[in-house]
Amino acid sequence: ACRSVVDIFFFSTRKIKFFLGRGLFAKKAIRKGDTLFMERPLVSAQFLWNSLYNYKACEYCLCSLETAEENARRLSGNTCLSLPHPELCRVRRELHDSCPQCQVMYCSSDCRRAALEQYHQVLCLGQSREDPKHPLNKLEEAWRNMNYSPRTASIMLMAKRVATVMKQARDKVLWQNLFSQFCSRTANEEEEIAHKLLGEKFQGQLGVLRQLFTSVLYDEHLSRWFTPEGFRSLFALVGTNGQGIGTSSLSQWVHACDVLELQSQQREQLDSFIDQLYKDIEKETGDFLNCEGSGLFLLQSSCNHSCIPNAEASFPENNFLLHLTALSDIKQGEEICISYLDCCQRDRSRHSRHKILRENYLFVCSCPKCVSQADDADVTSEEDEEGDGDAETEGDDLEDEMTDV
């Protein structure tokens, strides 16, 4: 069963100090490879395009619902594929459960009950799940039409945030205080973030989304969130604080295979099988291997950025539980920093990194790496790519880097 958000928060602060608006700092020395904390999100949601393309995940914890073998068959296009060592797959289909009203799937009855208690009573579609005229379905369709990128912050993350506060009759103040601790922005910054999320083509459609959002979730006690300014603030909160989540039963199976004690010939055969499987998947599916979504994590969102991070987030348990792991030894009192850039972006020039961070996160980095390169030539990303002969596409979304599970 998932632990409560508040329990996770206080459990996680044993190794760190939490300074709202300032960052996270180590209470004691931490060794490379240590887990600094584990944290579940206040809310999370699968990306709508990811769900539409049949990536099956628990509606609550985003756990992959496919067995490793089912996952491998779909991704590789080989319906007859059989995985060796099937006992290493941790997915337990006999535990899966569904909402009796709308048939949304969960990995367990625990997750179904947790969703119902937190937000699902507000968002359950009942018999209207397949009705395109239902306001919530219209909202989701509008979001998909405005966001062609498969990896982009979900409107459902905003909906679940509002539904959570609406549902928590006893603890409204607690939940509103928890959400208020995320990074806030000025009105101009919020508008810029909203435009970035929607893209140039749909910058004028924020009002359309707000009307649809209001028709689904309006509550007079939360009326400020449904004004143009309040809705834009919700948008900006998701855009600047959303952490990408990736889950995969296949990846979890592969990691379990890696630690199997086998004879050398058996190890070579298994490694060769896995290598060929990933080649087949790349040919059939490309880079989209995981169930993907995003979540709002209170502690993780307090980590500041560095181009030479000393910690990174991952999701090794095939669900939304975030593990923050030390990438290097961290001294007592040292700030714990993650990177908002992926590995390729971190290898680019200082000017290129600053360009990405300004456009997506609205700040100028002053980490030790950037300070040491202050006198470097202002080379743009495009010039970097031309010089290297390696044309890579910059990410257009505002999600933090998502470490594969």
Side-chain angles (χ1 to χ4, degrees), residues 4-6 9 20-21 40-46 48 59-60 99 101-102 104 113-126 128 134-143 146-147 153-195 197-198 205-243 293-298 301 320 398:
S4 75
V5 172
V6 177
F9 174 77
L20 184 60
R40 53 169 288 195
L42 298 185
V43 288
S44 61
Q46 187 178 7
L48 292 177
E59 194 276 336
Y60 182 69
C99 171
Q101 278 73 44
C102 68
V104 164
R113 285 192 294 267
L116 189 67
E117 291 173 2
Q118 184 176 335
Y119 57 79
H120 191 64
Q121 284 188 38
V122 176
L123 296 176
C124 181
L125 289 169
S128 300
H134 189 282
L136 186 55
N137 286 331
K138 290 171 68 174
L139 176 65
E140 291 185 351
E141 181 63 20
W143 180 258
M146 293 180 192
N147 289 268
S154 175
I155 194 74
M156 291 308 297
L157 200 58
M158 297 168 57
K160 286 185 178 181
R161 177 196 169 177
V162 174
T164 293
V165 178
M166 289 171 62
K167 177 66 179 65
Q168 302 301 317
R170 298 178 185 175
D171 300 320
K172 283 186 186 293
V173 174
L174 169 65
W175 281 91
Q176 290 192 64
N177 287 340
L178 286 172
F179 283 122
S180 70
Q181 293 184 48
F182 288 97
C183 176
S184 58
R185 297 288 180 174
T186 66
N188 288 339
E189 288 176 332
E190 288 174 350
E191 185 172 3
E192 189 171 344
I193 291 166
H195 286 176
L197 276 171
L198 287 174
Q205 299 300 308
L206 196 60
V208 174
L209 283 175
R210 184 177 68 84
Q211 290 176 358
L212 291 169
F213 196 83
T214 301
S215 68
V216 175
L217 290 164
Y218 183 77
D219 183 302
E220 62 180 11
H221 298 294
L222 304 173
S223 58
R224 69 184 186 279
W225 286 347
F226 299 92
T227 65
E229 296 78 15
F231 185 70
R232 191 172 58 205
S233 294
L234 286 175
F235 231 77
L237 182 144
V238 169
T240 54
N241 294 281
Q243 161 68 43
S294 60
L296 295 176
F297 295 85
L298 189 59
S301 69
F320 63 12
L398 298 182

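It should be emphasised that the depicted structure is a prediction, and the values quoted were computed from it without experimental measurement.
Side-chain contact between Leu42 and Gln118 is absent, with no heavy-atom pair separated by less than 4.5 Å. Residues Cys102 and His120 meet the side-chain proximity criterion, which asks for heavy atoms closer than 4.5 Å. Residues Trp143 and Leu212 fail the side-chain proximity criterion, which asks for heavy atoms closer than 4.5 Å. Using a 4.5 Å heavy-atom threshold, the side chains of Val238 and Arg161 count as separate.
Atom CE of Met158 sits about 8.0 Å away from atom CG of Leu209, to the nearest 0.5 Å. Between the CE atom of Met146 and the CG atom of Leu206 there is a distance of 8.5 Å, given to the nearest 0.5 Å. Trp225 contributes atom CH2, which lies 12.5 Å from atom CZ of Phe231 (distance to the nearest 0.5 angstrom). The distance from the CD atom of Gln121 to the CD atom of Gln101 is 9.5 Å, given to the nearest 0.5 Å. Atom OG of Ser44 is separated from atom CG of Leu157 by 7.5 Å, given to the nearest 0.5 angstrom. Considering CE of Met156 and CD of Glu59, their distance stands at 7.5 Å, rounded to 0.5 Å.
The shortest non-hydrogen separation linking Val216 to Leu136 is CG2-N, 3.6 Å. Closest heavy-atom contact between Phe235 and Ile155: CE1-CD1, 4.2 Å. In this structure, Ala163 and Leu123 approach most closely via the heavy-atom pair CB-CG, 3.9 Å. Between Cys99 and Cys124, the shortest heavy-atom distance links the atoms SG-SG, 3.8 Å.
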Might you work through the side chain to side chain contact (heavy atoms under 4.5 Å, CB included) test for Leu237 and Leu296, ending with a clear yes or no?
CA-CA 9 Å; Leu237 182 144; Leu296 295 176; 3.5 Å; yes
What verdict does the side chain to side chain contact (heavy atoms under 4.5 Å, CB included) test give for Thr214 and Arg210, after you've listed the backbone C-alpha separation in whole Å, the side-chain angles of each residue and the deciding distance to 0.1 Å?
CA-CA 6 Å; Thr214 301; Arg210 184 177 68 84; 4.1 Å; yes
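Between Phe320 and Tyr60, a ring centre-to-centre spacing shorter than 6.0 Å is recorded.
Side chain of Asp219 to backbone of Val162: no donor-acceptor contact under 3.5 angstrom is found. Within the 3.5 Å criterion, the main-chain N or O of Ser223 finds no donor-acceptor partner in the side chain of Thr227.
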